[in-house]
Amino acid sequence: MSAPLWDSSKPAVEPPWERFDSARAILRGVPIVLLILICLPLMIMTRGIERLSVGARRPWSSFFPRFVSRVALMIMSIPLRTTGTPMSQPGAVVANHSTWLDVFSLNACQRVFFVSKAEVANWPGIGPLARASGTVFIARDRKEAGRQKALFEARLHMGHKLLFFPEGTSTDGLRVLPFKPTLFAAFFAPQLRDEVSIQPVTVRYIAPTGADPRFYGWWGDMEFGPSLITFLKARKQGAIEITFHDPIAVKDVPNRKDMALLCENAVRSSLPEIAEEFQEV
């Protein structure tokens, strides 16, 4: 069963259309589409070579999502700044979830494989891209816990770094919701506990000057298309700041609930206080 969507009591502020917005959206959108159309077949071809030579591992095809993400952010004129260092040891990355743009932001600065809800595999357009890039699809069902543990273990032993969003839903980008401990359980399996670490990562979106501070947020029943157009047509862009916190060795933490809380506190520490007007009761 899917986690409930987070929603705000304060409606999003729709930026007005200005002169040249349509042209700007086209001039940014077309190159991004072409970039994906060129790189997707190349990634699939590379994946075929990998299957023949190294099996399920993805040492070369994982380059493409990072390349596409970096170039797409450059085309949209959204600067990306990082603090800290992505961990080199085996394990997982956990981050706050604000928007669909998180996939580009987090792919742009490291090689990771996303963990996503199973429904995404069937989404038009996004589903095929996610499958091709090696996304791990899971059902948020306790009955599937055993299978998920085995899947995580197999991917981690291949050297894959998994990334998931423990909040279970996206927000307006100003807050961190409580981290759900469910997915952390897989890393406490005896076969993994002594081998892996989990790195908390904070993704902070800074809105363009004068715009709604929640400009990059994507929550509730907001649709992908209008959100994408808003970013593409923006005359002024904000920025993305990503903070890599110190990795936490799973063997040093008693249980999944404590790990979830440690990661949540680390991620929250790099976000500023929420302005009173955007606090939710």
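Position 1 is the first residue of the sequence; numbering continues from there.
At least one donor-acceptor pair under 3.5 Å links the side chain of Arg24 to the backbone N or O of Lys233. A donor-acceptor pair is defined here as one N or O able to donate and one able to accept, closer than 3.5 Å; no such pair exists between the side chain of Ser270 and the backbone of Val267. Remark: the backbone N or O of Arg131 is not paired with any side-chain donor or acceptor of Thr135 at under 3.5 angstrom. In this structure, Gln191 contributes its side chain and Glu153 its backbone to no donor-acceptor pair below 3.5 Å. Not a single donor-acceptor pair under 3.5 Å links the side chain of Lys236 to the backbone N or O of Ala211. In terms of modelled atom types and a separation under 3.5 Å, the side chain of Asp258 and the main chain of Pro254 share no donor-acceptor contact. Using modelled atom types, no side-chain atom of Arg214 and backbone atom of Asp172 make a donor-acceptor pair closer than 3.5 Å. At least one donor-acceptor pair under 3.5 Å links the side chain of Lys10 to the backbone N or O of Gln279. Looking only at distances, a side-chain donor or acceptor of Thr169 sits under 3.5 Å from a matching main-chain atom of Trp6. A distance-only check finds no donor-acceptor pair linking the side chain of Arg204 to the backbone of Pro272 [under 3.5 Å].
Between Phe231 and Trp100, the distance from one ring center to the other falls under 6.0 angstrom.
One distance of note links CZ of Arg57 with CD of Glu50; it measures 8.5 Å at 0.5 Å rounding. Between the CG atom in Leu177 and the CZ atom in Arg175 there is a gap of 7.5 Å [rounded to 0.5 Å]. Atom CG in Leu262 sits 10.0 Å away from atom CD in Glu264 (nearest 0.5 Å).
With a 4.5 Å cut-off on side-chain heavy atoms, Arg58 and Ser133 do not count as touching. Side-chain contact between Pro166 and Leu183 is absent, with no heavy atoms from C-beta onward closer than 4.5 Å. In this structure, Ile198 and Cys263 have side chains that are in contact, with non-hydrogen atoms separated by less than 4.5 Å. Inter-residue side-chain proximity for Glu167 and Pro178 is flagged as unmet; no heavy-atom pair is nearer than 4.5 Å. In this structure, the side chains of Gln199 and Ile248 stay at 4.5 Å or more apart for every pair of heavy atoms. Annotation: side chain of Ile138 is not in contact with side chain of Lys117 (no heavy-atom distance under 4.5 Å). Taking the side chain as every heavy atom from C-beta outward, Ile229 and Trp17 approach each other to under 4.5 Å. With a 4.5 Å cut-off on side-chain heavy atoms, Met43 and Pro65 count as touching.
At a threshold of 4.5 Å between side-chain heavy atoms, the hydrophobic network of Ile, Leu, Val, Met, Phe, Trp and Tyr places Phe20 and Leu232 in two separate groups. The hydrophobic cluster containing Leu106 also contains Phe224, counting ILVMFWY residues as joined when their side-chain heavy atoms lie under 4.5 angstrom apart, directly or transitively. Phe215 and Val13 fall into different hydrophobic clusters, defined by Ile, Leu, Val, Met, Phe, Trp and Tyr side-chain heavy atoms under 4.5 Å apart, directly or through other members. Hydrophobic clustering (ILVMFWY, side-chain heavy atoms < 4.5 Å, transitive): Phe187 and Leu261 are in distinct clusters. No chain of hydrophobic side-chain contacts below 4.5 Å, direct or via other Ile, Leu, Val, Met, Phe, Trp or Tyr residues, connects Leu174 to Leu101.
Counting only N and O atoms by type, the side chains of Thr171 and His97 include no donor and acceptor under 3.5 Å apart. A donor and an acceptor atom, one from each side chain of Ser61 and Arg47, are nowhere located under 3.5 Å apart. Side chains of Glu195 and His157: a donor on one and an acceptor on the other come within 3.5 Å. Looking only at atom types and distance, the side chain of Ser77 has no donor-acceptor partner in the side chain of Gln237 under 3.5 Å away.
Heavy-atom contacts from other residues, nucleotides or ligands closer than 6.0 Å to CG of Asp246 number 12 or fewer.
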**Request:** Starting from the C-alpha separation in whole Å, work towards a yes-or-no answer on side-chain contact (heavy atoms from CB on, under 4.5 Å) for Leu163 and Val94.
**Result:** CA-CA 6 Å; Leu163 189 152; Val94 295; over 6 Å; no
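Salt-bridge check for Arg81 with Glu241: passed, with a basic side-chain N closer than 4.0 Å to an acidic carboxylate O. A salt bridge links Glu18 with Arg235: the closest approach of a Lys/Arg side-chain nitrogen to an acidic carboxylate oxygen falls below 4.0 angstrom.
Checked against Asp102 for a side-chain hydrogen bond (donor to acceptor under 3.5 Å, both in side chains), the options Trp218, Tyr216, Tyr205 give a single hit: Tyr205.
Using bins of under 30°, 30° to 60° and over 60° for the plane-to-plane angle, the ring pair Phe184/Phe164 lands in the perpendicular bin.
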